[in-house]
A.B. asks: 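I'd like to ask you about the structure that follows.
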Amino acid sequence: MPELPEVENVKRGLAGQVVGKTIVGVDVRLPRIIRTPDDTLRFAAELQNCTITGISRRGKYLLFEIPPYTLVSHLRMEGQYRVAQAGEEELPHTHVVFRLHDGTELRYRDVRQFGTMDLIDASRAFPTGLVSLGPEPFDESLDSQTLYRSLKARRAPIKAVLLDQSCLAGLGNIYVDEALFLSHIHPERAAETITRKQAEVLLVAIRDVLSRAIDAGGSSVKTFVNGYGRHGGFQLELNVYAREGQPCRVCGTEIRKLRVAGRGTHVCPTCQRQPRKKRGG
DNA sequence: CATGGGTCCTGAGTGC
DNA sequence: TGCACTCAGGACCCAT
C-alpha cells in the first residue's frame, strides 16, 4: 500500500521518464478512476496537447504539473504507473493510458480499482482530501509542540489519529505501526494522553522511519513497485508490520497482531506497554 | 465537531 | 478439485 515513501519513489521514478513530454492522447478504460471532471471524455480532451512539466508529491498524492492543469493522482491500495513503448503488451488491469509524443505511454494500472484521478484547474475546487491535508512530516516548520497540541485534542487511539491525514500527511498502516514501535507507544493509547516528551520522540521516529524507507525504495510487502516497475527493499527492515508471530528484533518477544481503528495492527507487547484498561474492561 | 463503522474492489488464503 | 467464505485497507460517506 503506497504511503509517503512509496509515493515519493514513484514520483522520482516517473520524473525522469515523463517530464518534458507532451500528451497526444488519453485512453480511459475504467471511468470510475476519473473523479474530476465528471465527463471522462472531457478529461481526455483537456489533456490533449498539454505538456507534463513536473511531478510533485503532497502526502500520498501524486501531482502531475500539466499546465494549465494539475493532475491529482492517488494510488490508494495498489495503483501503479509504468512507462512503456506504445505497442508493447499491456499488463492486466491497465485502466488509463496517457500517450506521449515520443512514442512512449504512461500507463496506470490498479487491481483493486480504488485509485483516483482529479484534473484540476483554477476554475475547479481541489479534491477535499487534498485541501484538508495536515503538514508534511518533513516540513521544517512542523515541531513536536505542534504535533503534541494536535494529539492533545483527540481522544481516539493514537493509531487512528496518525492515520488521519488531516493531522499529519503521508502515514499509512505500515509506517504508523513502525513509528509507534520505535517510540515505545502502544497503538491503543488515547492520543490525548501522549506527553510532550513522547510527542517529541514520536516525531523523531516518524521522520527516521520515513526517511530510511524512502532511501530503501519503499516497502514492497505485497505488490508495490516504483515508476520503473521495481520493488522496494524496506520490507526487510520492518520491525513489527507483517511480522506477527516472529520475535521482536529488540527483545525477542513474539510480535502480536490486533485490531485498532479497524486496521490490522502490529505490536511488541514488551516494547510497547499496553495502556491501562478502562473500568470494567 | 469527533468518532466509528460501512463501503468500494479483486486476489490470495483458508476450510470443508 | 472446487466452492464459499474471509481478509487486506485509504479515503469517503453517513449516523450518532
Side-chain angles (χ1 to χ4, degrees), chain A residues 1-8 10 28-36 38 57-63 72-81 90-96 108-118 120 125-134 136-137 149-180 187-194 210 213 218-225 235 238 240-245 255-266 275 278 281:
Chain A
M1 47 238 67
E3 304 178 27
L4 187 154
E6 289 75 31
V7 179
E8 179 66 23
V10 171
V28 179
R29 317 272 170 70
L30 186 66
R32 67 178 310 130
I33 300 292
I34 313 300
R35 293 197 309 188
T36 317
D38 289 339
R57 179 194 58 73
R58 175 82 171 90
K60 304 175 197 171
Y61 291 85
L62 210 47
L63 308 175
V72 180
S73 171
H74 198 301
L75 306 173
R76 294 290 182 97
M77 305 300 301
E78 301 192 15
Q80 298 178 356
Y81 279 101
E90 281 181 13
L91 291 166
H93 309 290
T94 296
H95 303 314
V96 184
Y108 179 77
R109 63 187 297 255
D110 188 343
V111 172
R112 303 283 265 283
Q113 306 180 12
F114 277 4
T116 58
M117 293 184 195
D118 294 88
I120 300 304
F126 272 61
T128 53
L130 190 58
V131 288
S132 60
L133 228 44
E136 285 291 315
R149 281 195 295 269
S150 302
L151 300 180
K152 200 71 189 165
R154 307 283 297 267
R155 286 175 302 169
I158 179 73
K159 166 136 184 180
V161 176
L162 292 178
L163 284 173
D164 180 349
Q165 302 298 295
S166 67
C167 172
L168 192 62
L171 293 177
N173 211 32
I174 296 175
Y175 297 108
V176 167
D177 281 6
E178 293 297 314
L180 288 173
E188 287 176 316
R189 271 279 293 280
E192 62 183 354
T193 69
I194 300 295
L210 291 179
S219 300
S220 294
V221 174
K222 286 183 72 181
T223 59
F224 171 73
V225 293
Q235 65 278 8
L238 296 174
V240 287
Y241 189 87
R243 294 196 67 240
E244 181 187 12
I255 301 300
R256 297 237 184 88
K257 184 170 180 180
L258 33 141
R259 274 194 104 69
V260 182
R263 297 288 174 248
T265 300
H266 311 75
K278 290 194 179 83

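Lettering of chains follows the sequences in order, A, B, ..., and the numbering in each one begins at 1. In what follows, every heavy atom counts, from backbone to side chain, and hydrogens, waters and symmetry copies are set aside.
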A.B. asks: In whole angstrom, what separates A:His74's NE2 from C:dC12's C1'?
C.D. replies: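 It is 11 Å, rounded to the nearest whole Å.
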A.B. asks: If the test is side-chain contact (heavy atoms from CB on, under 4.5 Å), which one of A:Val260, A:Val240, A:Val176 qualifies with A:Thr265?
C.D. replies: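 Of A:Val260, A:Val240, A:Val176, side-chain contact (heavy atoms from CB on, under 4.5 Å) with A:Thr265 is met by A:Val260 alone.
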A.B. asks: Rounded to whole Å, please give me the gap between CD in A:Glu6 and C1' in C:dG10.
C.D. replies: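 Whole-Å distance recorded here is 13 Å.
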A.B. asks: Does B:dC9 have OP1 or OP2 under 4.0 Å away from a side-chain N or O of A:His93?
C.D. replies: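 Result: no.
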A.B. asks: Calculate the interatomic distance between A:Leu91 atom CG and B:dT10 atom P; express it in whole Å.
C.D. replies: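 Interatomic distance, CG of A:Leu91 to P of B:dT10: 18 Å.
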A.B. asks: Closest approach to the side chain of A:Leu163, judged atom by atom: which nucleotide of C:dG10, B:dT3, B:dT10 is it?
C.D. replies: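 The answer is C:dG10, which lies nearest to the side chain.
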A.B. asks: Is the base of C:dA11 stacked against the aromatic ring of A:Phe114, taking ring centres under 5.5 Å apart and planes under 30° as the test?
C.D. replies: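 Answer is no, no stack.
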A.B. asks: Measuring from A:Ile174:CD1 to A:Leu210:CG, what's the distance to the nearest 0.5 Å?
C.D. replies: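 Taking CD1 in A:Ile174 and CG in A:Leu210, the distance rounds to 11.0 Å.
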A.B. asks: With a 4.0 Å limit, can you tell me whether A:Gln113 has a side-chain N or O closer than that to the phosphate oxygens OP1/OP2 of B:dC8?
C.D. replies: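 Checking B:dC8 against A:Gln113, no side-chain N or O comes under 4.0 Å of OP1 or OP2.
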A.B. asks: Between A:Arg76 and B:dC8, is there a contact of a side-chain N or O with OP1 or OP2 at under 4.0 Å?
C.D. replies: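 No.
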A.B. asks: Can you identify which nucleotide, out of C:dC12, C:dG10, C:dA8, has its nearest atom closest to the A:Arg112 side chain?
C.D. replies: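 So the side chain of A:Arg112 is nearest to C:dA8.
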A.B. asks: From C:dG9, C:dA11, B:dG4, pick the nucleotide closest to the side chain of A:Pro157?
C.D. replies: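 Of C:dG9, C:dA11, B:dG4, B:dG4 is nearest to the side chain of A:Pro157.
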A.B. asks: Between A:Arg109 (CZ) and B:dG11 (P), how many Å, whole number?
C.D. replies: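 Distance, rounded to whole Å: 11 Å.
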A.B. asks: Hey, does A:Lys159 reach any base, or is it just sugar-phosphate, or nothing, if we go heavy atoms under 4.0 Å?
C.D. replies: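 Here A:Lys159 touches no strand at all.
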A.B. asks: Atom CG of A:Leu30 and atom C1' of B:dT10: how far apart are they, to the nearest Å?
C.D. replies: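 These atoms are roughly 12 Å apart.
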A.B. asks: Under 4.0 Å: is that the gap between some side-chain N or O of A:Arg259 and OP1 or OP2 of C:dA8?
C.D. replies: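 It does, given that an N or O in the side chain of A:Arg259 lies less than 4.0 Å from OP1 or OP2 of C:dA8.
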A.B. asks: Let's see if you can work this out: which of B:dT3, C:dA11, C:dG9 has an atom nearest to the side-chain heavy atoms of A:Lys60?
C.D. replies: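 Of the options given, the side chain of A:Lys60 lies nearest C:dA11.
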A.B. asks: Count the heavy atoms of every other residue, nucleotide or ligand shown that sit under 6.0 Å from CZ of A:Arg256, and state whether that count exceeds 12.
C.D. replies: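 No, not enclosed.
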A.B. asks: Is there a side-chain contact between A:Arg32 and the phosphate of B:dC9, meaning an N or O under 4.0 Å from OP1 or OP2?
C.D. replies: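 For A:Arg32, the contact criterion (side-chain N or O under 4.0 Å from OP1 or OP2 of B:dC9) is met.
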A.B. asks: Can you tell me how far P of B:dG4 sits from CD1 of A:Ile158, to the nearest Å?
C.D. replies: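 So the CD1-P distance, A:Ile158 to B:dG4, works out to 13 Å.
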A.B. asks: Have A:Asp110 and A:His95 got a donor and an acceptor in their side chains that come within less than 3.5 Å?
C.D. replies: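 No.
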A.B. asks: Which is true for A:Gly129 with a 4.0 Å heavy-atom rule: it touches a base, it touches only sugar-phosphate, or it touches nothing?
C.D. replies: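 Sugar-phosphate contact only.
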A.B. asks: Give A:Tyr241 one of three labels, base, sugar-phosphate or nothing, depending on what nucleic acid heavy atoms sit under 4.0 Å from its own.
C.D. replies: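 Sugar-phosphate, no base atom in range.
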A.B. asks: Whether the A:Ser73 and A:Tyr81 side chains hold a donor-acceptor pair (N or O, under 3.5 Å, no angle test) is what I'd like checked.
C.D. replies: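 A:Tyr81 and A:Ser73 do have a side-chain donor-acceptor pair below 3.5 Å.
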A.B. asks: Both A:Ala153 and A:Arg263 contact DNA chain B. Which one's nearest nucleotide lies toward the 5' end?
C.D. replies: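 Between the two, 5'-proximity favours A:Ala153.
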A.B. asks: Tell me: NZ of A:Lys152 to P of B:dA2, nearest whole Å?
C.D. replies: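 Rounded to the whole Å, the gap is 16 Å.
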A.B. asks: Answer whether the closest heavy-atom distance between the side chains of A:Leu258 and A:Glu188 falls below 4.5 Å.
C.D. replies: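 Yes; the side chains approach each other to less than 4.5 Å.
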A.B. asks: Starting at CG of A:Asp164 and ending at P of B:dG4, how long is that distance when rounded to a whole Å?
C.D. replies: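 So the CG-P distance, A:Asp164 to B:dG4, works out to 11 Å.
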